[in-house]
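Every chain is numbered from 1 and lettered A, B, ... according to where its sequence line falls, protein lines coming before strand lines.
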2 protein chains.
Amino acid sequence: MSCPDHHHQHAHGPAAAGRAELPELAHRLRRQDRKLTGARQAIFEILRRQRHPLSNKEIFAELPAGDCDLATVYRSLHLLEDMRMVKRFDFGDGVARYELLAEGDDGHHHHLVCTRCAAVVEIAECFTRELEDTIARQNGFTAISHKLEFFGICPRCQ
Amino acid sequence: MSCPDHHHQHAHGPAAAGRAELPELAHRLRRQDRKLTGARQAIFEILRRQRHPLSNKEIFAELPAGDCDLATVYRSLHLLEDMRMVKRFDFGDGVARYELLAEGDDGHHHHLVCTRCAAVVEIAECFTRELEDTIARQNGFTAISHKLEFFGICPRCQ
DNA sequence: GTCCCTGCAAATGGTTTGCAGGCGG
DNA sequence: CCGCCTGCAAACCATTTGCAGGGAC
């Protein structure tokens, strides 16, 4: 669950890519006079393992009992978000969810969410990026971004 | 915007277009053993006048003082949403906003929201509708829908 | 040793709900 | 009159925050 060092449940899976990220996390933290604490490390590990959006509570639940407070999870995720190490997603249910961000990745992608079982599929490409320019120009807006999520019923729930 | 039939929303002001909708509201309510109360009428009127997404609190504030309780506003909007007379939008700030729906209109459109002053521009066309089919097919999902909103800085705030 | 970080608990803000009385049809 | 509706207040849920002690560096 949250021992960062010697667990390799996906020896050649996504975890392999993430292993090198720990030092980077430490480095980025120190740059801003922040500390690499156990709680932050544990949360980071959980996100690295579960490669789909997780809510604060879900992350908290994955934590070895009593590893840290729920409030700390909230605070840590804000910090990680500011550091651009996670990206927040909003599925419209009033709960923030976070995904780990690879270095240099801005994390821009969308999801397909099952409205029955909450299964999440990642949609690789973004179809609307080019549209931002058009919309920006037509309305005189700058610094344009967008949020897009798809909803439906997954094969198993049909 | 979205009045397909015989409404001329701007020629004589928005109220002209909406006037005929009252009986429809009453009719739809009665169908389900619901009543046309003062509160519901007032809320309906406010939405008809302000043709952009309004939060519960904003609607409540527009109400003549003491016209009804905030809880009633929430309850009324749920009812109107179930009746497909309003559509809920989510700008990602944890507040539900509602727009009046013309009869037969499913209200599918998107917004461009200023992240500084919260000004809202309606985006007429939906660019992603055709994509739903593709995404549905690729992932075996059915009953697909999507949420898409744009954010940026409006001309006045730049 | 200095600040940052954390646990705890209380506060916040949006939204929902239980209940008893009120009013529309 | 019969239920649906409403006001009021308390409950809920996600999230935030104040504070004092604890830990990273």
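Atom CZ in Arg97(A) sits roughly 10 Å away from atom P in dA14(D) (whole-Å rounding). Between Phe60(B) atom CZ and dT15(C) atom P the separation is 14 Å, expressed in whole Å. Rounded to a whole Å, the CZ atom of Arg34(B) is 15 Å from the C1' atom of dC2(D). What separates CG of Leu80(B) from C1' of dC5(D) is a distance of 14 Å, to the nearest Å. Leu70(A) places its CG atom 10 Å from the P atom of dG7(C), with the value rounded to the nearest Å. The distance between atom NZ of Lys35(A) and atom C1' of dG22(D), rounded to the nearest whole Å, is 10 Å. As rounded to whole Å, 14 Å separates atom P of dT16(D) from atom CG of Asp69(A). Taking atom CD1 of Ile59(A) as the reference point, atom C1' of dT15(D) lies 14 Å away to the nearest angstrom.
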Verdict with reasoning, Lys87(B) to Glu99(B), per salt bridge (charged side-chain N to carboxylate O under 4.0 Å, His left out): CA-CA 5 Å; Lys87(B) 185 167 169 59; Glu99(B) 252 180 39; over 6 Å; no
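In terms of position on DNA chain D, the residue among Leu29(B) and Asp93(A) whose nearest nucleotide sits closer to the 5' end is Leu29(B). Taking the nucleotide of DNA chain C with the nearest heavy atom to each of Arg88(B) and Gly38(B), the more 5' of the two is matched to Arg88(B).
Residue Arg75(A) has no polar side-chain atom (N or O) positioned under 4.0 Å from OP1 or OP2 of dT16(D). Between His78(A) and dT16(D) there is a side-chain polar atom (N or O) within less than 4.0 angstrom of OP1 or OP2. Within the structure, every side-chain polar atom (N or O) of Ser76(A) is placed at least 4.0 Å from both OP1 and OP2 of dC5(C). Listed pair Asn56(A) / dA14(D) fails the phosphate criterion, with no side-chain N or O lying under 4.0 Å from OP1 or OP2. Between Tyr74(A) and dT15(D), a side-chain N or O to OP1/OP2 separation shorter than 4.0 Å is present. For the pair Thr37(A) and dA24(D), the criterion of a side-chain N or O lying under 4.0 Å from OP1 or OP2 is not met.
Ring geometry for His109(B) versus His111(B): interplanar angle over 60°, hence perpendicular rather than tilted (30 to 60°). Using the six-membered ring where Trp is involved, Phe89(A) and Phe91(A) have ring planes that are tilted, between 30° and 60° apart. Ring geometry, Phe150(B) versus His146(A): the interplanar angle falls from 30° to 60°, so the pair is classed tilted.
Among the heavy atoms of the strands lying under 4.0 Å from Ala96(A) are primed sugar atoms or P, OP1, OP2 only; no base atom is included.
For Val95(B), the side-chain atoms get nearest to dT15(C) when compared with the rest of dT15(D), dT15(C), dT17(C).
Separation of atoms CE (Met85(B)) and CG (Asp105(B)) is listed at 11.5 Å; rounding is to 0.5 Å.
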